[in-house]
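One structure is given below, encoded as structure tokens.
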Amino acid sequence: MNEMKKAVGTPATTFSEREYEICVAARMIEDGKSYWVAIGGGPLYAVLLAQRLYAPSAMYVTEDGVIGPEPLLPLDPLVIGVASRPNYRALMWSTMNGLTEHAQLGHMDYGILNSLQVDPYGNINSTWVGAYPEEGRRMNGPGGADAIASACWRVLLMVDQQKRKFVPEVDFISSPGFLDGSPGAREKAGLPRNTGPWRVATPWAVFDHDEDSRHLRLIARAPFVTVDQILAEMDFRPLLADEIEVLEPATEEELLILRSELDVTGQNTGVGRWVAQAEDGSWSFAEDNG
Amino acid sequence: MNEMKKAVGTPATTFSEREYEICVAARMIEDGKSYWVAIGGGPLYAVLLAQRLYAPSAMYVTEDGVIGPEPLLPLDPLVIGVASRPNYRALMWSTMNGLTEHAQLGHMDYGILNSLQVDPYGNINSTWVGAYPEEGRRMNGPGGADAIASACWRVLLMVDQQKRKFVPEVDFISSPGFLDGSPGAREKAGLPRNTGPWRVATPWAVFDHDEDSRHLRLIARAPFVTVDQILAEMDFRPLLADEIEVLEPATEEELLILRSELDVTGQNTGVGRWVAQAEDGSWSFAEDNG
Amino acid sequence: MDVLTEGTAEYLKVDPDGFREWVRDHKSRALVSKLVSEQEAVERLVADGDYFVFDCAEAMRGPMSLIREIIRQRKKDLWIAGKFTFFIPSMLVAAGCVSKADMGFFLGWGSVINKAVQEGTLKVYEYGNTVMTMRLKAGAMGLPYMPMRILGGTDTFRYSAGKIIDDPFTGEPMVAMPALNPDVAVIHVHQADVYGNARVFGTGIAHVESALASRKVIISTEEIIETEEFRRDPGRTSIPYYAVDAVVHAPFGAYPGECAGYYASDPGAIIEMGAADKLDAWDAYLEKWVYGVASQDEMMEELVGMTKLRGLIQRATIKEGYRA
Amino acid sequence: MDVLTEGTAEYLKVDPDGFREWVRDHKSRALVSKLVSEQEAVERLVADGDYFVFDCAEAMRGPMSLIREIIRQRKKDLWIAGKFTFFIPSMLVAAGCVSKADMGFFLGWGSVINKAVQEGTLKVYEYGNTVMTMRLKAGAMGLPYMPMRILGGTDTFRYSAGKIIDDPFTGEPMVAMPALNPDVAVIHVHQADVYGNARVFGTGIAHVESALASRKVIISTEEIIETEEFRRDPGRTSIPYYAVDAVVHAPFGAYPGECAGYYASDPGAIIEMGAADKLDAWDAYLEKWVYGVASQDEMMEELVGMTKLRGLIQRATIKEGYRA
């Protein structure tokens, strides 16, 4: 997985699962590339962390049309776009349609998204849990994710490592992955050529998609979990890379930036369980904080 | 012809044909309506004159996207758009596409256009004289006139009263009138419903289009020409209204505004022949100044 | 035209020529004052059964004072465009104002929308935010539809009103979405004159598109400024007066949200909406914030107060880009 | 898709996916300096055979210094977008640079274009100005075509590349024009930074659309400003850096035309172009204004001079709206 950068700083021994997921995602950010980032949350923190440590000239946009901002942190709760702090010092203020057009033109190298549910082909559900439309429960809806997942060249998905989130078939395809996984499935549905899912990052693992089958493939694991633990938290069996890389732990430097600069209110620090490394090098989970 | 306003001021006894055409067009401008005006020339002076005498709240736009300007006169030669004097004190600066979209939405009540050639159905040629594409000569092209003639509700055309300009069939339909004149011809070609030519103003006459046949119909003549003189300067016979109104001559007030405020460089004063009224009330043409 | 696939959603009738006729007959190209009270604007321009679009959300330059007035006047049977929203769809559904929704995004912490769907009082059709703004863009260009490169192949598409057609120039499949020309749009702006010329500073969702695409347009504005100001800097005009039907002077009209450059959001009051949603306690919320006060001014006076207001204004320290 | 009628014009291949791949592989999303000389920009980015779009005309913020450089470098076989132009098409044809033209408007006082058509060295296809800008808009949106409500039924349409299709939502006939994604765009702006972020003040023809729609984009700019300035007022940014491939510092680059807010036009020098056209005397004109000088700076120094220049600047008294 050559796209993963070497962690900067001293290995840390205690951090939350969500913090770790952000660190891992940040190490995958490519310098000099553009990112259409889901408004708020993990994707935004990943790219902000990357700008500080791994990819100083990575540029990001959000769906309200802000291009290349230098946000004034911390952001106000729930005020994540069309607002003065997140959109501070942008290079350009456009609109939702303006940005969508730039993405349709191919200017957006990567999208970074959260997802409620994902299937082996990277299809994303954020609309419905249950049997649509009769049974179950409506969730948020795709928001801007359908455009991000359609028009960016590559999509990095951030998902919790939970069995109910990795499912053989999503309850509803809100935003497109490789659809049924057949060759040209996206193109036949009118989506731009050669686009699609790229990586899935969870607090425990990194996946890519097999080039032929488009099926999700486990390529890396966190140092504090085994492959079996990961598989146990999936409702289908992913492909396994020939060699499954062991990811570096979060570093003190990553965490310092996250906690003291990016997320001073602890929105991410406090999500998921904590992991801790004992002096003998072994890892364990603390009580669930979520 | 109830759309024609009563002339303001004292009847004048000497003026040029082009000045008169502008006065006649100005008297047809409706207060509180929007005009998409061909950039530069007679159409612009007609609406500016109307704003001062007949229709203070008529609003105009030009194809470079300027909305409701108060131009600083005189304009520089040939600098008729995307420039500081014509676009001065506008309500909004948009672009060519922005304005075209506003017109497609129905916000433009009238278009005012010059034309090189017109046929009985109000089709406009500004592209070619001769047999396209082999023989003849290329002219300017439609410019913005195709959009004006397509998307405004009504079109007021300004044409010289010359036999070679009123032809049974134009050499090339650059911008649409009623096309072949058949019912629904414009709609079948994809143009918006219930739009089309409204009036043709020349230095000698005003025409409308018969509601059934769509054919050009003479409805008014200048005081200094007869109907026969007009017909002699047309290469087809228009319909004749039951009663052909006699237009009022240009007024001193109209001419004062035109000459001292709008067109101080005499671009229009100097075009076409002069007409003069003798003390016995008879009119005659001076030498051609054109 | 060969339609290869099409979604199942009911959609607002597409009628560009009818829209043109509405514009010709109902909008004014004369400069006439359109300044009215929030009560009059909503009474006159929002009708039961209207397709209703509002721009932005309750946290960010949403037209909150007018949305509250719509609820106060107990408008019914609205069909809403749910793009880039948080709790507003739930609030409007809880208030009994909505019977249909084209949904791109909302924050569904509670069950009000699910319950309304189950009870058959609400129909929901599926879209994404940008699909909705593109539909509005087609509507704002005078077109019947918009081709696009997004959404194809998804269930969202399947339950939308989209079609997949073959592009006449490349022969490739292409998503086409019906234009959206709402009956009524409500947009909060920074500055407007009495004729409806309006300026929005900062980014936006689809304020320009919503204004141009809609039959009836109500602008609420932080400040009323002279038309002279527009003439001094015409490049800053976002919305031309001829698209606008009513101008409401609504200082703090985006409360509890931020109006960038003018005042910050009130996080507590936004979370109060979230709590109302999560706890299915919209009745109490509406009683307090909407029915219990007669107007925006009264709400600001009685429920917000000068001290808090001063704090919100004080926190809006970033002015760059938000002044002409 | 049922095509009811179609025009006969050859047109630049429509290939939205190919354009996307070009953007991915050739444009930079990193902030890297693109500041180059006019010579280098044209040498590197304008190729013989390119489809070439320039925005505005010689009298009004046209990219005149770069057009002169294109002639000076004797580029050949260009296909030009002749929208909202005066004498530039004739000048480019007279200079032997052009083999095809999509024509919306030009001022044809002379015979150079007619002669080239008769001699078979020039092919002309028929459009209107706004049809061309709409084609560019489709190209700038990543779409293969643009539906529109204009031009149907005319001979212009017949000799264009348009089609009449039936709209899939209303069943009504509708004009569709192929998107235009030029090989190279040349645009003169008021202010840019070295990365290509650019500001245009005042109205425009299709500067934003041309920049976004084109594979190679050269910006010439009156002023180079700090990126900090863009960050202070992001609402004034017209063109984002990632669309731009080269930035040329070209003060007075619109000469002999006006650059609103900066300097007035030089009517005498514009009429000199008209006279060259009318008298078929382009050779002498080009010898004087293009071949006879090595660069924009040399032309300004030797043929315009400081006294005249001061006059042009002095006449630009209207500043309102032309400053950030």
Side-chain angles (χ1 to χ4, degrees), chain B residues 39 62-66 72 76-85 87-90 93-97 99-100 103-104 123-128 132-133 136-147 149-151 170-176 179-180 185-192, chain D residues 56-57 59-61 82-84 86 103-108 111 113-114 117 124 126-131 133-134 136-137 148-157 159 164 172-175 202-209 257-258 260-261 264-265 267 270-271 274 316-318 320-322:
Chain B
I39 262 186
T62 56
E63 64 172 302
D64 60 327
V66 64
L72 191 60
D76 291 325
L78 289 171
V79 184
I80 51 186
V82 196
S84 56
R85 295 177 76 89
N87 294 0
Y88 191 45
R89 290 177 51 75
W93 287 334
S94 179
T95 64
M96 185 172 276
N97 282 328
L99 193 66
T100 301
Q104 289 193 151
N123 297 305
I124 298 169
N125 178 18
S126 48
T127 301
W128 195 267
Y132 186 90
R137 177 173 167 68
R138 172 168 291 278
M139 308 304 288
N140 302 340
D146 61 297
S150 295
V170 291
D171 294 333
F172 190 97
I173 303 182
S174 308
S175 302
L179 301 176
D180 67 4
R186 285 174 64 94
E187 288 78 358
K188 281 174 204 151
L191 301 176
Chain D
C56 290
M60 318 157 215
R61 202 173 36 73
K83 59 168 175 53
F84 194 79
F86 288 1
M103 275 302 194
F105 185 86
F106 75 112
L107 268 187
S111 62
I113 286 188
N114 274 293
V117 170
V124 175
E126 308 294 345
Y127 296 93
N129 286 346
T130 59
V131 177
T133 55
M134 280 290 174
L136 287 163
K137 182 161 184 165
M148 56 185 75
R149 306 300 309 275
I150 57 183
L151 204 69
T154 61
D155 289 318
T156 313
F157 173 83
Y159 295 102
I164 293 186
E172 299 289 324
M174 169 96 9
V175 172
T203 61
I205 303 304
H207 48 285
V208 177
E209 295 89 330
E258 168 177 336
S265 69
I270 293 171
I271 289 165
T317 52
I318 299 174
E320 289 176 17
Y322 301 108

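Atoms considered below: every heavy atom in the structure, side chains included; atoms not considered: hydrogens, waters and symmetry mates. Just so we're clear, the structure is a prediction, and the values are computed from it rather than from any experiment.
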Which atom of B:Arg138 lies closest to which atom of D:Phe106, heavy atoms considered: CD-CE2, 3.6 Å
Answer key: most heavy-atom pairs under 4.5 Å with chain B among D:Pro267, D:Gly202, D:Ala260 is D:Gly202
Got a second to check how far D:Asn129's CG is from B:Asp64's CG, nearest 0.5 Å? 10.5 Å
From B:Thr100 OG1 over to D:Lys137 NZ, what is the distance, rounded to the nearest 0.5 angstrom? 9.0 Å
Which residue out of D:Gly261, D:Cys56, D:Gly104, D:Ala59 racks up the most heavy-atom pairs below 4.5 Å with chain B? D:Gly104
Rounded to the nearest 0.5 Å, how far does OH of D:Tyr322 lie from CG of B:Asn87? 5.5 Å
Under a 4.5 Å cutoff for heavy-atom pairs, which residue among B:Ser94, B:Ser174, B:Ala151, B:Ala145 has the most contacts with chain D? B:Ser174
At a heavy-atom separation under 4.5 Å, does B:Asn140 approach chain D through its side chain, its backbone, both, or neither? both
Checking B:Ser84 against D:Glu258: is there a side-chain donor and acceptor pair closer than 3.5 Å? yes
Bottom line for B:Ile80: the part with an atom under 4.5 Å from chain D's heavy atoms is both
Just how far is it from atom CD1 of D:Ile318 to atom CZ of B:Arg89, taken to the nearest 0.5 Å? 10.5 Å
Electrostatic pair D:Lys83-B:Glu63, nearest N-O below 4.0 angstrom: no
Among B:Pro176, B:Ala185, B:Ala83, which residue forms the greatest number of heavy-atom pairs with chain D at distances under 4.5 Å? B:Ala83
Okay, B:Arg186 and chain D: the region with an atom under 4.5 Å from a heavy atom over there is neither
Side-chain donor-acceptor pair present, B:Asp146, D:Thr156, cut-off under 3.5 Å: no
Tell me if a side-chain donor or acceptor on B:Asn97 pairs with a main-chain N or O of D:Met134 at a distance below 3.5 Å. yes
Choice from B:Ala189, B:Ser150, B:Gly143, B:Pro192 maximising heavy atom contacts with chain D below 4.5 Å: B:Gly143
Let me know if B:Phe172 has heavy atoms under 4.5 Å from chain D in its side chain, its backbone, both or neither. both
Which heavy atom of B:Gln104 sits nearest a heavy atom of D:Arg149, and at what distance? OE1-N, 2.8 Å
Closest non-hydrogen atoms of B:Arg137 and D:Asn114, given as atom of the first, atom of the second and distance, are NH1-ND2, 3.3 Å
Chain B contact via D:Ile113 - side chain, backbone, both or neither, heavy atoms under 4.5 Å: side chain
Rounded distance [0.5 Å steps], CG in B:Leu191 versus CE in D:Met174: 10.0 Å
Can you give me the closest heavy-atom contact between D:Phe84 and B:Met96, atom names plus distance? CD1-CE, 4.0 Å
What heavy-atom pair brings B:Ile173 and D:Gly153 nearest, and what distance separates the two atoms? CD1-O, 4.5 Å
With the side chain counted from C-beta on, respond yes when B:Thr127 and D:Asp155 share a heavy-atom pair under 4.5 Å apart, and no when they do not. no
Check whether D:Phe157 gets within reach of chain B through its side chain, its backbone, both or neither, counting any heavy atom under 4.5 Å. neither
Reported CD-to-CH2 distance for the pair D:Glu126 and B:Trp128, which is rounded to 0.5 angstrom: 8.0 Å
So which of D:Val124, D:Leu136, D:Ile270 has the largest heavy-atom pair count under 4.5 angstrom toward chain B? D:Val124
Test item: B:Thr95 side-chain N/O and D:Ala206 main-chain N/O as donor-acceptor pair under 3.5 Å: no
Could you look at B:Leu179 and say if it's the side chain, the backbone, both or neither that has a heavy atom under 4.5 Å from chain D? side chain
Nearest heavy-atom pair of D:Pro173 and B:Glu187: which atoms, and what distance? CG-O, 3.4 Å
Checking B:Ile124 against chain D: side chain, backbone, both or neither under 4.5 Å from a heavy atom? neither
